Amino acid sequence: MSYFFALSESLCFILLPVLGIMLANISLRGILKSSAGVLRESCVAVCSAVSVKSGPSRTVSLPGPKVSQGNFAVPPPVRHYARAAKTKKIVLDSQLSDLPPTMLKIDYAAVPLAQTTDDLIKRLLSLELASHKEKLQLKTEQLIAKVQRDESDRNSPEVWIAILTARIRNYQEHLQKHHKDKANKRRMLMAIDRRKKLLKSLRLVRYDAFEKVCEQLGITYTFPPEYYRRATHRWLAKKELCKKVYRAVQKLKAEQRLKMKRALSSTATDGVKTTAAEMQ
């Protein structure tokens, strides 16, 4: 009997903590269920309060997709991402903006009948209904008239600088709207290089005409950068070799010139001697 009593006591000591843990789990589950129900009711109330009725038949709610959780929808959280600072784009004024719309086209400007014609026909012949190509042609003629030497001058460096200036500004306005147009960007760079060469040659030959062209066309002439190159050991050795070869070639040319002078002087003395001998 004592054995059975001891066994029952040991079983009671083992089972009592297990029963306590089971009761605690059951009570915790009940608390969690009740709190979930309260949370669900509060979320439904918040969502119904956020949605604002506008008009008799439609409702306006928060923007963005809805995330459904059971019987109610929860709006997504607002995320404030860091955005890059917007840089202000430099807007260039069009070179055609100073052309009045009432000005006649270049083909009809010298026609006297176009000045006294009807308003409707004058409007058709004016820049109001002209194409971009016609406006650009008129602007080019205005720039040429500022720098040409005389009325018949159409091929001087000043005229070509004016023509290239009108093209370059037209390309700049185009690339401001279509910055991915690589073909026109290449044409613009080629026109800039050609105008730079013409300006450089005009500056060396006729400096007064160079100043007049830059002033009339609004060109800012910048000097080309100085020659710069990374001085490597190979480049320095090649430069020294070129100098050495240049000095050797100059020395040989000097010797050849000296020989030619001596030969000429000897022939001259021989001729003098022969003439003197003949006279005797």
Side-chain angles (χ1 to χ4, degrees), residues 86-225:
K86 293 183 179 180
T87 57
K88 292 184 178 179
K89 295 183 179 179
I90 300 174
V91 180
L92 298 175
D93 295 333
S94 176
Q95 63 172 346
L96 307 178
S97 59
D98 59 344
L99 296 176
T102 56
M103 183 183 293
L104 294 177
K105 298 178 184 179
I106 190 171
D107 298 332
Y108 308 103
V111 179
L113 184 61
Q115 304 289 342
T116 59
T117 186
D118 190 13
D119 293 339
L120 180 60
I121 299 176
K122 190 181 290 185
R123 185 182 177 189
L124 292 172
L125 302 179
S126 65
L127 296 179
E128 185 179 357
L129 301 176
S131 62
H132 181 79
K133 184 178 180 180
E134 293 172 340
K135 293 180 181 179
L136 184 62
Q137 186 180 2
L138 180 59
K139 187 65 180 179
T140 306
E141 292 296 328
Q142 289 182 357
L143 294 180
I144 290 173
K146 290 181 180 180
V147 297
Q148 64 182 168
R149 300 175 184 176
D150 49 35
E151 293 183 356
S152 61
D153 181 22
R154 303 297 296 180
N155 202 27
S156 62
E158 296 93 328
V159 172
W160 275 107
I161 289 170
I163 294 171
L164 291 172
T165 301
R167 289 181 189 174
I168 289 166
R169 290 173 182 170
N170 184 39
Y171 285 135
Q172 287 175 347
E173 295 170 9
H174 174 77
L175 291 172
Q176 190 177 5
K177 299 178 182 177
H178 312 281
H179 59 278
K180 292 186 178 181
D181 193 350
K182 305 298 182 184
N184 280 320
K185 186 176 181 180
R186 177 177 173 271
R187 296 188 187 102
M188 183 188 71
L189 294 176
M190 291 170 63
I192 289 173
D193 290 340
R194 189 177 176 189
R195 187 182 69 173
K196 192 183 296 182
K197 291 178 182 178
L198 290 172
L199 285 171
K200 183 179 178 181
S201 62
L202 186 65
R203 180 175 175 270
L204 296 175
V205 177
R206 298 177 61 213
Y207 191 78
D208 54 346
F210 167 77
E211 284 188 336
K212 179 186 175 183
V213 167
C214 292
E215 182 182 357
Q216 293 293 330
L217 300 180
I219 299 173
T220 304
Y221 182 77
T222 56
F223 293 96

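Every value quoted in this text rests on a predicted model; they were computed, and no experiment measured them. Values below: all heavy atoms of this structure, side chains included; hydrogens, waters and symmetry mates excluded.
- In this structure, CG on L164 lies 11.5 Å from CG on L143, to the nearest 0.5 angstrom.
- Pairs passing the ring pair (Phe, Tyr, Trp, His ring centres under 6.0 Å) check and including a residue from residues 128-172, sequence neighbours excluded, do not occur.
- Between S94 and S97, the shortest heavy-atom contact is O-OG, 2.8 Å.
- The CE atom of M103 lies 10.5 Å from the OG atom of S126; values are rounded to the nearest 0.5 Å.
- The only member of L96, D107, L127 that meets side chain to side chain contact (heavy atoms under 4.5 Å, CB included) when paired with L138 is L127.
- Using a 4.5 Å heavy-atom cutoff, the side chains of I161 and R195 are in contact.
- Ring geometry, Y221 versus F223: the interplanar angle exceeds 60°, so the pair is classed perpendicular (tilted spans 30 to 60°).
- The structure places CG of L198 at 10.5 Å from CD1 of I163, a figure rounded to the nearest 0.5 Å.
- Take R123 and apply the salt bridge (Lys or Arg N to Asp or Glu O under 4.0 Å) test, not counting sequence neighbours, and it matches E128.
- Counting only residues at least two apart or in different chains, side-chain hydrogen bond (donor to acceptor under 3.5 Å, both in side chains) contacts with residues 137-147 comprise D98-K139, E141-R154.
- Legend: residues meeting salt bridge (Lys or Arg N to Asp or Glu O under 4.0 Å) with R206, ordered by chain and number and at least two apart, are E158.
- Within 6.0 Å of the NZ atom in K196, the count of heavy atoms belonging to other residues, nucleotides or ligands does not exceed 12.
- Under the side chain to side chain contact (heavy atoms under 4.5 Å, CB included) criterion, D181 pairs with H174, L175, H178, A183, N184, not counting sequence neighbours.
- Between A130 and K135, the shortest heavy-atom contact is O-CE, 3.9 Å.
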With side chain to side chain contact (heavy atoms under 4.5 Å, CB included) as the criterion, how do L136 and R167 come out once you've worked through the C-alpha distance, each side chain's angles and the decisive distance to 0.1 Å? CA-CA 9 Å; L136 184 62; R167 289 181 189 174; 6.0 Å; no
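- To the nearest 0.5 Å, atoms CD1 (I192) and CG (L199) are separated by 11.5 Å.
- For T116, there are no side-chain hydrogen bond (donor to acceptor under 3.5 Å, both in side chains) partners two or more places apart in sequence or in a different chain.
- Across all non-hydrogen atoms, the minimal contact from V147 to A162 is CG2-CB, 3.9 Å.
- Distance check: R169 CZ to Q172 CD gives 8.0 Å after rounding to the nearest 0.5 Å.
- In this structure, OG1 on T165 lies 12.5 Å from CG on N170, to the nearest 0.5 angstrom.
- Taking every heavy atom of both residues into account, P157 and R149 meet most closely at CD-NH2, 3.9 Å.
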